[in-house]
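Just so you know, ligand 1 is whichever comes first in the structure, and atom 1 is the first atom listed for that ligand. Given the structure is predicted, the values throughout are model-derived calculations rather than measurements.
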Amino acid sequence: MTAETSRAADLTPKGAATGKIPATVITGFLGAGKTTMIRNILQNAEGKRIALIINEFGDLGVDGEVLKGCGAETCTEDDVIELTNGCICCTVADDFIPTMTALLERPNRPDHIVIETSGLALPQPLIAAFNWPDIRTQVTVDGVVTVVDSAAVAAGRFAEDHDKVAAQRVADDSLDHESPIEELFEDQLTAADLIVLNKTDLLDAEGLAAVRREVATRTARKPAMVEASQGSVPVSVLLGLNVGTEGDIANRKSHHEMEHEAGEEHDHDEFDSFVVPLGPVAAPEALVARLKEIIAAHDILRLKGFVAVEGKPARLLIQAVGQRVDSYFDRPWAPGEARESRLVVIGLAGLDRAAIERALQA
Ligand SMILES: Nc1nc2c(ncn2[C@@H]2O[C@H](COP(=O)(O)OP(=O)(O)OP(=O)(O)O)[C@@H](O)[C@H]2O)c(=O)[nH]1
């Protein structure tokens, strides 16, 4: 093949011109800003009809709630499909394929499909699923966008903590991974066609340049990087990458695939999550202060959920990523809706659930 013909082959349209619906996979570690970025996509879709498939670790459905409430005309509640039965990379055959098939059978097919993986998902099995016979004739992966929490990278969250890994291994000698967080971070970067360095508002130019260098060292591939705050990247940059990533999956192997070519199953045993119910809260500021202490004491990676505040007609959305806790009233409680306070807690396996529950409910 000459250089010219090989270049022409590279430019072959994978999506629209082949009649396939383009699907964008949005991945990235817990709390990186995936849902925030998708909200931005929906609000700036300019008439493009988008169907969303979202998958969350921890069964509270917070992301779905946030996205359904975003009021975008081109993405109604029917267009938001939540996969709550575990992490999408482990439930491809049972959950993802049937969901995609049902979506494709709808009379009113979407112009574009956006898939948000859970923050703990390994994107590779999901991308490979686009090669399944029923799917590959109808849909193609337009691109994989990996969202990075730049502040967390700067804080060393994805650099190996040798003491912690050693402690984990003492607690569970079946652990064969060097560091589950670091590996997953790198696997998500390795899957990327585009990397979004998000949360730039939390860093100065020097810090951001260091993050850019560090991210570049974490994958042998060299996907483009864009910087963003609040996931604000033009839709024209995110959608329409036209890569056909499912055809390149062999070049994006995860640590897990490289270590276990023999086919050992991937799972999420290294991580743990549970939901804690609380009573109504009298003082949200005091709750937020307490959350920060509990997160630090137990090294909780992610905590989110809804809280009923005494005397308030709206529910309080709590979003914590590491030590940073955001909270705001997102919408009024609906008539007849149970005013429950529930928080999902996610961390490395071995979280002291009883102690965390006691502290949260105190
Ligand atoms: N300061 C700052 N906060 C951000 C930015 N983007 C998102 N956040 C906040 O980070 C938190 C997590 O954002 P999400 O969009 O829910 O992150 P996610 O990747 O969908 O999280 P999971 O689905 O739980 O993995 C929320 O409190 C957001 O408001 C940003 O650019 N800057």
Side-chain angles (χ1 to χ4, degrees), residues 24-43 52-70 80 82-84 86-89 114-123 144-155 157-158 181 184-185 187-189 192 195-204 207-208 211 225-233 238 268 271-275 284 288 291-292 295 300-307 316-330 343-347:
T24 297
V25 175
I26 298 190
T27 190
F29 194 68
L30 294 168
K34 299 176 291 296
T35 309
T36 307
M37 193 172 83
I38 292 172
R39 203 183 156 110
N40 174 59
I41 294 175
L42 297 182
Q43 287 170 341
L52 264 182
I53 298 178
I54 55 180
N55 175 231
E56 199 169 350
F57 197 80
D59 47 5
L60 211 54
V62 176
D63 292 359
E65 282 287 303
V66 168
L67 290 168
K68 282 177 191 164
C70 84
V80 181
E82 291 176 81
L83 297 186
T84 51
C87 213
I88 201 165
C89 55
V114 171
I115 302 165
E116 178 183 356
T117 76
S118 95
L120 296 181
L122 204 58
V144 176
V145 179
T146 301
V147 185
V148 170
D149 180 338
S150 305
V153 174
R157 177 56 96 178
F158 306 106
I181 297 180
L184 196 57
F185 177 65
D187 289 342
Q188 292 175 339
L189 292 176
I195 294 173
V196 175
L197 299 177
N198 191 37
K199 305 199 186 182
T200 56
D201 55 305
L202 300 176
L203 295 176
D204 59 18
L208 196 54
V211 167
M225 289 191 217
V226 293
E227 295 169 6
S229 168
Q230 302 299 338
S232 178
V233 180
L238 295 172
H268 297 280
F271 296 92
D272 195 4
S273 87
F274 50 88
V275 174
V288 167
L291 289 179
K292 288 186 181 173
I295 288 167
I300 292 168
L301 294 170
R302 183 85 166 100
L303 183 152
K304 57 184 171 177
F306 298 103
V307 166
L316 186 71
L317 173 60
I318 302 276
Q319 289 266 29
V321 184
Q323 287 290 298
R324 180 166 293 276
V325 183
D326 291 341
S327 63
Y328 61 93
F329 291 98
D330 82 317
L343 298 174
V344 62
V345 176
I346 307 175

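For the atom pair CD1 (I53) and CD1 (I26), the distance works out to 12.5 Å, reported to the nearest 0.5 Å.
Of all atoms in ligand 1, listed by their number and element, those nearer than 4.0 Å to a heavy atom of G119 are 25 (O). In the vicinity of K304, heavy-atom distances shorter than 4.0 Å reach the ligand 1 atoms 22 (P), 23 (O), 24 (O). Interface of L30 with ligand 1, defined as ligand atoms under 4.0 Å from a residue heavy atom, comprises 25 (O). Residue A32 has at least one heavy-atom neighbour below 4.0 Å for each of these atoms of ligand 1: 17 (O), 19 (O). Under a 4.0 Å criterion applied to the non-hydrogen atoms of E116, ligand 1 contributes the atoms 20 (O), 23 (O).
Scanning Q230, R39, R324 for the heavy atom closest to atom 3 (N) of ligand 1 points to Q230.
Here the shortest heavy-atom pairing between L291 and I318 reads CD1-CG2, 3.7 Å. Taking each heavy atom of L316 and P284 in turn, the nearest pair found is CD2-CB, 3.8 Å.
Taking the six-membered ring for Trp and thresholds of 30 and 60 degrees, F185 and F158 have nearly parallel ring planes, at less than 30 degrees apart.
Side chain of E82 to backbone of D63: no donor-acceptor contact under 3.5 angstrom is found. Not a single donor-acceptor pair under 3.5 Å links the side chain of D326 to the backbone N or O of Q319. A donor-acceptor pair under 3.5 Å is absent between the side-chain atoms of D330 and the main chain of L317, judged by distance alone. Put simply, the side chain of T200 gets close to the backbone of A228: a donor and an acceptor are under 3.5 Å apart.
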Would you please test I181 and F29 for side-chain contact (heavy atoms from CB on, under 4.5 Å) and show each step?
CA-CA 8 Å; I181 297 180; F29 194 68; 3.9 Å; yes

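Among protein heavy atoms, the minimum distance from atom 1 (N) of ligand 1 is reached at D201 OD2, 2.9 Å. In terms of protein heavy-atom proximity, atom 23 (O) of ligand 1 is closest to D63 OD2, 2.9 Å. Closest to atom 16 (O) of ligand 1, if we only count protein heavy atoms, is R302 NH2, 3.1 Å. Residue, atom and distance of the protein heavy atom nearest to atom 14 (P) of ligand 1 are T36 OG1, 3.6 Å. Shortest contact from atom 18 (P) of ligand 1 to any protein heavy atom: K34 N, 3.5 Å. Here the heavy atom of the protein found nearest to atom 29 (O) of ligand 1 is D326 OD2, 3.3 Å. Summary of contacts: the protein heavy atom closest to atom 8 (N) of ligand 1 is K199 CE, 3.8 Å. Of all protein heavy atoms, the one closest to atom 17 (O) of ligand 1 is G33 N, 3.1 Å.
On a distance-only criterion, L202 and ligand 1 share no N/O pair closer than 3.5 Å. Taking only nitrogen or oxygen atoms, main chain and side chain alike, V321 does not reach within less than 3.5 Å of ligand 1. In terms of polar-atom proximity, defined here as any N/O pair under 3.5 Å, E56 makes no such contact with ligand 1.
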